[in-house]
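First comes the structure, then the notes that go with it.
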Protein chains: 2
Amino acid sequence: MTASSPILGVLGGMGPLATADFMRKLVEATPAARDQDHMPVFVHSVPQIPDRSESFLAGSDAPWPFLLCGLRILEAAGASAIAIPCNTAHLWHARLAAATGLEVLHIGHATSAAVTSHPAAFKRVGLMATSATIMGRIYQDALCAAGVDVIVPSAHDQVELVTAGIAAVKAGDLASAAPRLREAAAHLVERGAQGVILGCTELPLVLHGDASDVPLFDTTHLLVKACISWWSKSKAAQRRSETFSQ
Amino acid sequence: MTASSPILGVLGGMGPLATADFMRKLVEATPAARDQDHMPVFVHSVPQIPDRSESFLAGSDAPWPFLLCGLRILEAAGASAIAIPCNTAHLWHARLAAATGLEVLHIGHATSAAVTSHPAAFKRVGLMATSATIMGRIYQDALCAAGVDVIVPSAHDQVELVTAGIAAVKAGDLASAAPRLREAAAHLVERGAQGVILGCTELPLVLHGDASDVPLFDTTHLLVKACISWWSKSKAAQRRSETFSQ
């Protein structure tokens, strides 16, 4: 008596406001005339997981057992695929994907594809993200291979504007986060960025389309689009399978 | 490796946008300086459940097995209490509460308490809700017993403004829902309502504090407050238990 359609499992809570933002954007982006047309979703939003960026930078694997436990709970609940609305957690994506038979969608792949297929044919984009996402090269290698140069904030901006801005969002202080994050984006544009990747799901909570003169890539929204694409394909495959078995 | 704190189970998806709104309000209302200070939540958002209002009005129990299945999934995921961000689903609240050992918070009790303890000492309030919530008397009996008269929209307004407005929200058309719902609220105020209960979690998505001259009771927000109160008490009880066992 659950949904007959494939169910999306969301490994969330990193942070919790970003997960709520993901859920709202998922509903808003789904073509639906009534409740029943929407995607069924299980959300594991357990923010007690150790900070992903701090752990990675300290060489600690502390988040891993929390991620794995969340994955197992989503599997047991009946999820058919996994989405993780947190860029930094994707440093553990390959291990999560190897640990399950379910498809684990990748926020970085979805975003990189949107960047390289953008009609503006970018030569250089800026990347705003946690220090771990930057150091873990979630974005740079794929984009470099596609001929797009990726620049990141200066060391000063990374600490004083981006890291501090992300922390402010996590503390619920969006008002103080906004000017810091807009300034960091502006500095990237001054250095030649023709677009900016909001490579942390806290960032689109305060940086909207009008926050910069160049296109901003909302990674939460791009993950949502990947989820809707997965759901459409899965439903079609399910229908074919049901037709075949009749 | 999940949260050491009690986990809230959310029986959601009724509708999915209301569940996303509940999650955002829960995060915003929780005092927190960082991710880890937030409430761990497991959300079952499966909108394929049959329409609660239509089923109740048709004398059908079709939603029940879906509700029970969702409850069991939340129990298995480790939830310590259940919240249901849908007023109409509370027509099945007593059966859900009887079917589980977990506390099932009640959106109507939380809201009725807020109405009766309001400093304005209301004599009469308006109730905007699905027809099933109105006919199922989720609000009227408790408030009547407390000396508060509850009035509901006219038959015309219920169909043309409230039911149509709720359906528009569920279809993602908030812009066309807003004027209908504001008009229904205004008619209640003209008839003497000193406050209006937004007794359907789709309503606070379009009716905000400035939508009426009288106080509007956001049942989503009041359920959030009940959840935070439950969580504070549960954490305190857990700490006492841990201290005692050392």
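Both backbone and side-chain heavy atoms feed into the values below; hydrogens, waters and symmetry mates do not. Per chain, numbering begins at 1; letters A, B, ... match sequence-line order.
- Heavy-atom distances place the backbone of I49(B), and not its side chain, under 4.5 Å from chain A.
- Taking 4.5 Å as the limit, some side-chain heavy atom of F42(B) sits within range of a side-chain heavy atom of L74(A).
- Counting heavy-atom pairs under 4.5 Å between each of M23(B), R34(B), M14(B) and chain A puts M23(B) at the top.
- The most heavy-atom pairs under 4.5 Å with chain B, out of S45(A), A167(A), A32(A), come from S45(A).
- With a threshold of 4.5 angstrom between heavy atoms, I166(A) does not approach chain B through any atom at all.
- Residues Q36(B) and Q48(A) approach most closely at O-NE2, 3.0 Å, considering heavy atoms.
- For the set A33(B), G12(B), A168(B), the entry with the most heavy-atom pairs within less than 4.5 Å of chain A is A33(B).
- Only the side chain of V27(A) has a heavy atom closer than 4.5 Å to any heavy atom of chain B.
- For K235(B), the NZ atom sits in a packed shell: over 12 heavy atoms of surrounding residues, nucleotides or ligands are nearer than 6.0 Å.
- H44(A) has its side chain out of reach of I7(B): every pair of non-hydrogen atoms, C-beta onward, lies at least 4.5 Å apart.
- In terms of heavy-atom pairs under 4.5 angstrom with chain A, the leader among P47(B), A171(B), P31(B) is P47(B).
- Contacts of R24(A) with chain B are made by both backbone and side-chain atoms, with heavy-atom separations under 4.5 Å.
- Looking at every heavy atom in both residues, H38(B) comes nearest to K170(A) through NE2-O, 3.9 Å.
- For chain A, no part of D173(B) is nearby; none of its heavy atoms comes within less than 4.5 Å.
- In this structure, CG in L17(B) is found 11.0 Å from CG in L26(A), a value given to the nearest 0.5 Å.
- Heavy-atom distances place the backbone of P50(B), and not its side chain, under 4.5 Å from chain A.
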